[in-house]
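Remarks on the structure that follows.
Values below: all heavy atoms of this structure, side chains included; hydrogens, waters and symmetry mates excluded. No experiment lies behind these values; they were computed from the predicted model shown. In listed order, ligands and their atoms are each counted from 1.
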Amino acid sequence: MSEADCLFCKIVASEVPAKIVYETDRTLAFRDVNPQAPTHVLVIPKDHYRDAAALAAADHGLADEVIKTAHAVAQQEGIVEPGYRLVFNTGPGAGQTVFHVHGHVLGGRGLQWPPG
Ligand code: AMP
């Protein structure tokens, strides 16, 4: 399932280039073009869902896979210790700009909480 004008669907289809760091049958992880930390990777389901709530509602098990992929990326990047942040901006008021659900995996530096 894909949407014609969705940037991340185009990355899944190899129509837009991306630095892919990890892939499973149903998920893809690639580096953010505007990194906010030494490690900043986006993790997506290959199928199109507009946000985390739509993903969780529509496909039992795929949200789990996205989170497992995020953790595998963190392991691969060596940031499980001391820790990493996994963020799903949900809705424009929270800063979501690409409406294909994605988790930001952030780490490799001290991460303050709450974020700015
Ligand atoms: P959000 O604001 O949560 O929707 O996050 C969207 C993220 O996608 C931002 O951090 C952007 O820097 C990132 N981004 C936009 N275009 C691309 C692209 N072509 N490849 C990788 N990351 C991108």
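- Within the structure, the closest approach of Gln36 to ligand 1 does not fall below 4.0 Å when heavy atoms are considered.
- Residue Arg31 touches ligand 1 through its backbone alone, judged by heavy-atom distances below 4.0 Å.
- Applying the 4.0 Å criterion to heavy atoms of His102 picks out, from ligand 1, the atoms 1 (P), 3 (O), 4 (O), 5 (O), 6 (C).
- Counting the atoms of ligand 1 from 1 in the order shown, those under 4.0 Å from a heavy atom of Phe30 are 21 (C).
- In terms of heavy-atom proximity, Pro35 sits nearest to Asp32 at CD-O, 3.6 Å.
- For Gln96, no nitrogen or oxygen atom sits less than 3.5 Å from a nitrogen or oxygen atom of ligand 1, counting backbone and side chain alike.
- Taking the ring-ring contact (aromatic ring centres under 6.0 Å, His included) definition, one finds that His40 meets it with His104, sequence neighbours left out.
- By the ring-ring contact (aromatic ring centres under 6.0 Å, His included) test, Tyr22 is found to be paired with no residue, residues two or more places apart in sequence or in another chain being considered.
- Inter-residue side-chain proximity for Lys46 and Glu23 is flagged as met; some heavy-atom pair is nearer than 4.5 Å.
- Looking at atom 4 (O) of ligand 1, its nearest protein heavy atom turns out to be Thr97 N, 2.7 Å.
- In terms of heavy-atom proximity, Val101 sits nearest to Ile44 at O-CG2, 3.4 Å.
- Close approach of ligand 1 to Phe8 is summarised as follows: ligand atoms under 4.0 Å from at least one heavy atom of the residue are 8 (O).
- Here's the thing with Val98: one of its N/O atoms is less than 3.5 angstrom from an N/O atom of ligand 1.
- Between Leu86 and Phe88, the shortest heavy-atom contact is CG-CE1, 3.8 Å.
- Across all non-hydrogen atoms, the minimal contact from Pro45 to Leu62 is CB-CD2, 3.7 Å.
- Taking only non-hydrogen atoms, the option from Val101, Asp32, Val87 nearest to atom 11 (C) of ligand 1 is Asp32.
- Compare Leu7, Val33, Thr90, Asn34 by their heavy atoms: the one nearest to atom 20 (N) of ligand 1 is in Val33.
- Under a 4.0 angstrom heavy-atom cut-off, Gly95 registers as being in contact with ligand 1.
- No part of Phe88 comes within 4.0 Å of ligand 1, judged by heavy-atom distances.
- For Ala29 against Thr69, the heavy-atom pair with the smallest separation is CB-CG2, 4.4 Å.
- Surrounding CZ of Arg31 are at most 12 heavy atoms belonging to other residues, nucleotides or ligands under 6.0 Å away.
- The shell of residues lying under 4.0 angstrom from ligand 1, judged by heavy atoms, excludes Lys19.
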